[in-house]
**Student:** 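This is the structure, below, for whatever I ask next.
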Amino acid sequence: MTESRRVLVVGQGAREHALAWKLTRDGAEVLVAPGNAGTAAMAENVPVPAGDVPALVALARDRRVDLTVIGPEAPLVAGVVDAFRAAGLRAFGPTAAAARLEGSKSFCKQILHRGDVPTAMYRVFNGAARARDYVEAREDMPMVVKADGLAAGKGVFVCDGREAALEALAALGSDPQFAAAAGSILIEERLDGVEVSVMAITDGRTIVTLPPLQDHKAAYDDDTGPNTGGMGAYCPAAFVDADLMAEIEARILVPTVHAMRRAKVPFVGVLYAGLMLTAQGPKVLEYNVRFGDPECEALLVRLESPLLPLLDAATDRRLEEVAPPVWRAGASVTVIMAAEGYPGPVERGRTITGLAAAAAVPGVEVFHAATASRDGAVVTDGGRVLAVTASEASLARAKLQAYTAVRAIRWPGAWCRKDIADKGLRQEHALLVAAEADATDAVPPEEGDAPA
Ligand code: AMP
Ligand code: GLY
């Protein structure tokens, strides 16, 4: 790259740190609004909150930013990309109308229906009381209760049966946040299977599919405990082989992009499909309209080719011109280190030590999720604090290196899941055993072996 490009990354988590890290390596000069202690060490933090759309527009204009990359969903749903476009500025991400794919679960279902994309069966209700009547009248079976709007992952209740569903509806009905939103409620069939994340960069027409990942949404080992924003991820997820990836593209991602265009809300940005691999094939649990977090961290450490040309081309609707991305061989693992109490309330301001030692572990990048600088020290500043990420020749090595780095880092109350990537390791093992069985079946019998 000859001239340096100026890029603004909006957000303050580990996803945004990983984006700033990669874009810096691409040769860009990076601003982050508002960023954290990690982004401050490698880019320029500007103290503008991710939700202050007019201030972001002013920042991009005043600092002559070429491209703004929006990390979190809330500003997208609030129309940050529309505001940038109206001001003649370039921003990577969907418009508010297209971001409803994440912002409204009922809109998402309508699009899935129009595109004939496989998803759970569902009904939409106007308020908790109507939903309750339905649950009481129907068969006692597993179901999922969802609030329609954005709820930062807190509006979904996976229920074993009627009693749990009624409890979920009572909780939603009495929650002032949902009552104030007067939102719709979805009741869905519960899907069973393995959950994976598949993301694609799209300009509304062409898609560039990224390698599959698996997140770990439950707080504790063996997928127990409360739901979180994600406790770790790994890439690639061996549950999705090349054939399944082709099916996911052809039956899910491409029809969704087409359905959005036909609905006159072309989708530009990252289309993130949360999928359940069911016995009947892959089905959409939800769409997100931005990079996953922690998926983004595990993804970008494996991206060998530059990211910026992909984001540029998607923004300018010429993605078909860009060479496909090149991925490092091997695998990556991201382990989230969280503060005591997460996903509940946490105390901030605990001093973190060992960051330099962790970063010195071969193959490791430590992305900051919620940190701040205080008197020359890095302190905790939220629930998910660090995203310790390793890229290695194998998934087993990546896990080893990530946890080696985790052990170097300390603050009072720090904790993490110990089993990130274990499902992937078990799947790799199972595939190996199956391949071995196939191979030995094909071996001709040794001389002297009696034919059966
Ligand atoms: P969502 O925000 O819609 O992705 O839901 C959050 C989590 O709830 C998902 O990651 C799944 O683990 C779970 N979930 C959502 N919908 C379903 C469903 N229909 N069946 C089973 N689990 C679900
Ligand atoms: N990792 C889940 C999400 O970003 O929504």
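Atoms within a ligand are numbered from 1 in the order they appear, just like the ligands themselves.
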**Student:** Does the pair Thr119 and Lys109 meet the rule for a side-chain contact (heavy atoms from CB on, under 4.5 Å), with working shown?
**Tutor:** CA-CA 8 Å; Thr119 186; Lys109 287 289 195 186; 2.8 Å; yes
**Student:** Give the atoms of ligand 1, by number and element, whose distance to some non-hydrogen atom of Ala120 is under 4.0 Å.
**Tutor:**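 What qualifies from ligand 1 is 19 (N).
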**Student:** What are the atoms of ligand 2, with element, lying closer than 4.0 Å to any heavy atom of Asp215?
**Tutor:**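 Contacts of ligand 2 toward Asp215, numbered from 1: 1 (N), 2 (C).
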**Student:** Using a heavy-atom cut-off of under 4.0 Å, does the side chain or the backbone of Val144 touch ligand 1, or both, or neither?
**Tutor:**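 The answer is the side chain.
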**Student:** Under 4.0 Å, heavy-atom basis, I'd like to know which part of Phe291 is in contact with ligand 2: side chain, backbone, both or neither.
**Tutor:**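 Answer for Phe291: neither.
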**Student:** Can any side-chain N or O of Lys423 pair as donor or acceptor with the backbone N or O of Gln214 at less than 3.5 Å?
**Tutor:**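 No, Lys423 side chain to Gln214 backbone: no donor-acceptor pair under 3.5 Å.
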**Student:** Taking only heavy atoms of Lys217 into account, list the atoms of ligand 1 that are under 4.0 Å away from them.
**Tutor:**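 That gives atoms 10 (O) of ligand 1.
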**Student:** Assess Gly292 for proximity to ligand 2: is some non-hydrogen atom of it under 4.0 Å away?
**Tutor:**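 Yes, Gly292 has heavy atoms under 4.0 Å from ligand 2.
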**Student:** Please determine which of Lys146, Arg123, Lys105 meets the salt bridge (Lys or Arg N to Asp or Glu O under 4.0 Å) test together with Glu188.
**Tutor:**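 Filter result, single survivor: Lys146.
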**Student:** Please say whether Lys217 places an N or O atom under 3.5 Å from an N or O atom belonging to ligand 2.
**Tutor:**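 No; the residue has no nitrogen or oxygen that sits under 3.5 Å from a nitrogen or oxygen of the ligand.
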**Student:** What atoms of ligand 2 come within less than 4.0 Å of a heavy atom belonging to Asn288?
**Tutor:**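 This gives 5 (O) as the contact atoms.
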**Student:** Donor-acceptor pair, Thr371 side chain versus Val379 backbone, under 3.5 Å?
**Tutor:**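 Not confirmed, Thr371 side chain does not pair with Val379 backbone.
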**Student:** Give yes if a backbone or side-chain nitrogen or oxygen of Arg190 is under 3.5 Å from a nitrogen or oxygen of ligand 1, and no if not.
**Tutor:**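 Between Arg190 and ligand 1, no N or O pair is found under 3.5 Å apart.
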**Student:** If the cut-off is 4.0 Å to any non-hydrogen atom of Lys146, which atoms of ligand 1 fall inside it?
**Tutor:**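 That gives atoms 3 (O), 15 (C), 16 (N) of ligand 1.
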**Student:** Side chain of Arg302, backbone of Arg328: donor and acceptor closer than 3.5 Å?
**Tutor:**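 Side chain of Arg302 to backbone of Arg328, a donor-acceptor pair under 3.5 Å: yes, one is there.
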**Student:** Just checking, Arg100 and Phe107: is the charged tip under 6.0 Å from the six-membered ring centre and within 45° of the axis?
**Tutor:**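 Arg100 over Phe107 ring: yes.
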**Student:** Which atom pairs, donor and acceptor, lie under 3.5 Å between side-chain atoms of residues 249-259 and protein residues at least two apart or in another chain?
**Tutor:**
residue: Glu249; atom: OE2; partner: Thr209; partner atom: OG1; Å: 2.6
residue: Arg251; atom: NH1; partner: Glu247; partner atom: OE2; Å: 3.2
residue: Thr256; atom: OG1; partner: Ile252; partner atom: O; Å: 2.6
residue: Thr256; atom: OG1; partner: Tyr287; partner atom: OH; Å: 2.6

**Student:** Please confirm whether the backbone N or O of Ala18 pairs with a side-chain atom of Glu297, one donor and one acceptor, at under 3.5 Å?
**Tutor:**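 No.
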**Student:** Counting each atom of ligand 2 from 1 as listed, which ones have a heavy atom of Gly229 under 4.0 Å away?
**Tutor:**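 Counting atoms of ligand 2 from 1, those under 4.0 Å from Gly229 are 1 (N), 2 (C).
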**Student:** Is it the case that ligand 1 has an N or O less than 3.5 angstrom from some N or O of Leu191?
**Tutor:**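 In this structure, Leu191 places an N or O atom under 3.5 Å from an N or O of ligand 1.
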**Student:** What I want to know is whether Asn227 and ligand 1 share at least one N or O pair that is separated by under 3.5 angstrom.
**Tutor:**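 Not met; the criterion fails.
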**Student:** Nearest heavy atom to atom 22 (N) of ligand 1: which of Glu286, Met121, Glu188, Met276 does it belong to?
**Tutor:**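 It is Met276 that holds the nearest heavy atom.
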**Student:** Look at atom 3 (C) of ligand 2 and say which protein heavy atom is nearest, naming residue and atom and giving the distance to 0.1 Å.
**Tutor:**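 The protein heavy atom lying closest is Arg290 NH1, 3.4 Å.
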**Student:** Under a 4.0 Å N-O cut-off, is there an ion pair linking Arg348 with Asp381?
**Tutor:**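 Salt bridge flag = yes for Asp381 with Arg348.
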**Student:** When you check the side-chain N and O atoms of Ser106 and Asp148, is any donor under 3.5 Å from an acceptor?
**Tutor:**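 Yes.
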**Student:** Show the atoms of ligand 1 that are less than 4.0 angstrom away from any heavy atom in Lys105.
**Tutor:**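 Close to Lys105: 1 (P), 2 (O), 3 (O).
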**Student:** Give yes if a backbone or side-chain nitrogen or oxygen of Glu286 is under 3.5 Å from a nitrogen or oxygen of ligand 2, and no if not.
**Tutor:**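 Not met; the criterion fails.
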